[in-house]
Amino acid sequence: MPAERDNVSDWCRYMENEYLDRNSQLLEEIEEVYPRVRKIHGNQYIWLKQMHWHFEKLNEKLNWYMYFQRRKWFPLLHKLDADHAGPCGTAPSRRLKTA
């Protein structure tokens, strides 16, 4: 986990590696096993049959959200971080001037 003072790019990489990638894997696993589970247990647990539509909608929305983060949000944050970097990639001091 990046430290509090680490730059935005470090936080973006952390979020992508720790959350987005893992959530994408979990959604793919559910997509893969759900039809088999539904076929085997659907008659016994009626809610499994009804869950398909809800899962598809959730999956669609989460995939759009993760796409937005990877393709739009994180690149903008990386650019912002690079544009405001000082020497050697450190952020410039942003202290308020006092009278």
Could you state whether Leu76 and Phe68 fall into the same hydrophobic cluster, counting links through intermediate Ile, Leu, Val, Met, Phe, Trp or Tyr residues with side-chain heavy atoms under 4.5 angstrom apart?
no
Spell out, yes or no, whether Ile30 and Ile40 are grouped together once hydrophobic residues are joined by side-chain heavy atoms under 4.5 Å, including indirect joins.
no
How does the hydrophobic cluster around Tyr67 look, that is, which other residues are in it when side-chain heavy atoms under 4.5 Å mark a link?
Trp64
Which Ile, Leu, Val, Met, Phe, Trp or Tyr residues join Ile46 in one cluster when any pair of side-chain heavy atoms under 4.5 Å counts as a link?
none
Could you state the interatomic distance from [atom1] ([X]) to [atom2] ([Y]), rounded to the nearest 0.5 Å?
X     : Y     : atom1 : atom2 : value
Met51 : His54 : CE    : NE2   : 6.5 Å
Leu77 : Asn7  : CG    : CG    : 11.0 Å
Leu48 : Arg38 : CG    : CZ    : 9.0 Å

State, with a plain yes or no, whether a side-chain heavy atom of [X] is found less than 4.5 Å away from one of [Y].
X     : Y     : answer
Glu29 : Glu32 : no
Phe74 : Met15 : yes
His78 : Arg13 : yes
Met66 : Tyr19 : no
Lys49 : Asn43 : yes
Leu27 : Leu62 : yes

I'd like to know if the side chain of Asp81 and the backbone of Ser9 have a donor-acceptor N/O pair within less than 3.5 Å.
yes
Asn63 side chain to Asn59 backbone, donor-acceptor under 3.5 Å:
yes
If you compare all heavy atoms of Arg70 against all heavy atoms of Ser24, which two are closest, and at what distance to 0.1 Å?
NH1-OG, 3.6 Å
Write down the atom of Trp11, the atom of Met1, and the distance for their closest heavy-atom approach.
CH2-CE, 4.0 Å
Working for side-chain contact (heavy atoms from CB on, under 4.5 Å), residues Leu26 and Asn23:
CA-CA 5 Å; Leu26 290 172; Asn23 287 334; 4.2 Å; yes
Looking at Tyr45, I want to see if its OH is surrounded by more than 12 non-hydrogen atoms of other residues, nucleotides or ligands under 6.0 Å.
no
State whether the number of non-hydrogen atoms from other residues, nucleotides or ligands found under 6.0 Å of Phe55 atom CZ is greater than 12.
yes
